[in-house]
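Sequence lines set the chain letters: A, B, ... in the order given, protein chains first and strands last, and positions in each chain run from 1. Here the structure is a predicted model, which means the values were calculated and not measured.
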Protein chains: 2
Amino acid sequence: MGRPRVRKVSGSGDARRDILAAAASLISRQGLRATTLAQIADVAGLQTPSLYYYFANKGAILLELAVDANRGPLTLVDLVNASDEAADIRLWSFVCLDLQALCALPFDINEVHRFASEDPASDEVYRQARERLIGEVASIVSAGVAEGSFRRVRARMTALTLLGNDEGSQNWMRVDRSADPAEVGEFLADFALRSLLTDATEIDRIRRRGRKLVARLACEPLTPLAGAGELTERSS
Amino acid sequence: MGRPRVRKVSGSGDARRDILAAAASLISRQGLRATTLAQIADVAGLQTPSLYYYFANKGAILLELAVDANRGPLTLVDLVNASDEAADIRLWSFVCLDLQALCALPFDINEVHRFASEDPASDEVYRQARERLIGEVASIVSAGVAEGSFRRVRARMTALTLLGNDEGSQNWMRVDRSADPAEVGEFLADFALRSLLTDATEIDRIRRRGRKLVARLACEPLTPLAGAGELTERSS
DNA sequence: GTCTATATTTCGATAGAC
DNA sequence: GTCTATCGAAATATAGAC
């Protein structure tokens with residue numbers, strides 16, 4: 001009865017990629033453990049067992065998502081550091097770009113981490129990437145202090161706070177979809193820099209140059225799985 | 001074989017309370033969906049079916065945890081507002097106390113929210129409490145702008161950012177247990193106020209008076225389920 | 001109020017045809 | 001590569017004795 005089910009409405013020809021996109025989309029709305037392989041297969045336009053042709057098990061799908069999610073911020077910090085700007089401008093740009101990258105992610109990064117931490121091997125991969133990210137941000141903070149533009153703050157604690165602020169903002173923006181990532185990103189970057197600057201009047205100059213750097217770097221290809229959230233669900 | 005299992009090592013005589021504390025403790029380590037009724041019953045010193053004498057189902061346990069979790073920050077904002085301090089000092093104190101309250105929670109507040117949102121009725125309860133909290137914080141920000149101590153910012157967006165910052169910090173502190181909530185709370189309050197002040201040199205005076213208010217309010221009884229994280233697991 | 005025993009459902013994963 | 005059919009484990013929840 002009824003018309004035959006239309007499969008692979010959004011099929012891209014790359015089933016493996018469809019599976020990852022479907023998983024990301026579902027996880028973003030339901031959370032990790034609430035998302036079943038049957039649902040993932042359904043959205044991807046497959047039957048459950050077909051997933052096992054591409055992935056060893058559910059954990060393997062999630063690990064790949066987690067690794068992808070980590071690549072974003074790390075790539076950003078490297079790109080920003082590759083510019084020859086001063087520390088204050090690099091930090092402004094990173095905060096701004098990091099928030100946008102997090103918002104482009106189709107899921108809550110903290111939940112992926114929690115799941116990955118159940119597997120010791122996955123946990124190690126994630127932890128090392130995280131520690132490197134913290135260290136890189138702390139280095140920028142230290143550089144700003146050395147250059148005299150930042151007041152004397154504890155670099156690591158500041159780095160943790162900055163990253164936490166980005167992630168906390170991602171969280172409420174997931175619910176309150178009316179906010180614009182680019183706008184909130186600038187707001188948050190201003191918010192952070194104002195706190196750190198020895199001379200608050202510098203903020204306008206920093207924002208001006210930060211914007212240019214952001215615009216330049218935003219062209220780079222970095223957000224993996226971009227557009228995963230827009231996966232059209234097939235009709236039944 | 002082996003000695004008989006020792007039950008209710010930490011039994012408080014109030015089984016209902018034991019169940020909630022056990023659930024909170026387990027959820028804090030494993031997440032929501034990974035925590036089973038069997039585990040909750042085990043830690044609470046009961047068998048699984050006994051939970052159904054106190055709660056209709058798993059969701060009912062979680063809803064009660066979610067409601068408790070929301071009460072904390074709302075109580076804080078009311079307490080802070082009940083003082084006759086200026087907006088800048090009230091805001092410093094709230095940020096500081098809110099972080100401490102969140103850190104005292106035995107679980108990730110975002111995860112509880114996500115689960116509660118699966119039930120429309122629970123979702124409404126949570127959403128209304130959340131909206132009131134945002135509104136109250138935004139009011140303090142607006143008051144500060146009116147008083148001239150804060151620069152002109154968008155009140156609601158600032159409120160969302162402040163709350164997001166607290167929650168983001170709770171998140172990394174859950175992993176990095178070396179940090180002290182009181183210390184990070186002051187750091188975050190300084191961080192936020194510096195961004196908002198028209199005159200940054202006021203920060204020292206605000207911190208001094210904020211500390212007094214925090215010390216006074218910290219004596220009030222507010223953290224529900226306090227100590228839930230310290231539940232001793234019984235030997236097997 | 002708490003238990004033992006069990007029903008019911010759901011999910012992850014495998015076997016094997018095509 | 002993708003499917004149908006199915007297994008086995010685990011989790012929520014119920015029935016009913018004590």
Using whole Å, report how far CD of Gln47(B) lies from C1' of dG16(D).
16 Å
Salt bridge flag under 4.0 Å for residues Arg130(B) and Glu124(B):
no
Please check: side-chain N/O of Asp42(A) versus main-chain N/O of Ala38(A), any donor-acceptor pairing under 3.5 Å?
no
For DNA chain D, the residues among residues 49-56 of chain A that have a non-hydrogen atom under 4.0 Å from it
Pro49(A), Ser50(A), Tyr53(A), Tyr54(A)
Contact check, residues 31-39 of chain A vs DNA chain D, heavy-atom distance under 4.0 Å, returns none
Assess whether atom CZ of Arg33(A) is packed by more than 12 heavy atoms of other residues, nucleotides or ligands within 6.0 Å.
yes
Can a salt bridge be assigned to the pair Arg90(B) and Glu136(B) using a cut-off of 4.0 Å between side-chain N and carboxylate O?
no
Nearest-angstrom distance from the residue atom CG of Leu46(A) to P of dT4(D)
11 Å
What is the distance, rounded to the nearest whole Å, between atom NZ of Lys58(B) and atom P of dT12(D)?
5 Å
Salt bridge flag under 4.0 Å for residues Arg132(A) and Asp78(A):
yes
Sidechain N-carboxylate O distance under 4.0 Å for Glu131(A), Arg127(A):
no
Does any part of the side chain of Val67(A), heavy atoms only, come nearer than 4.5 Å to the side chain of Tyr126(A), both counted from C-beta?
no
Regarding the side chain of Ala15(B), the nearest nucleotide among dC3(D), dA13(D), dT2(C) is dT2(C)
Between Asp176(B) and Arg156(A), does any NZ, NE, NH1 or NH2 come within less than 4.0 Å of an OD or OE carboxylate oxygen?
yes
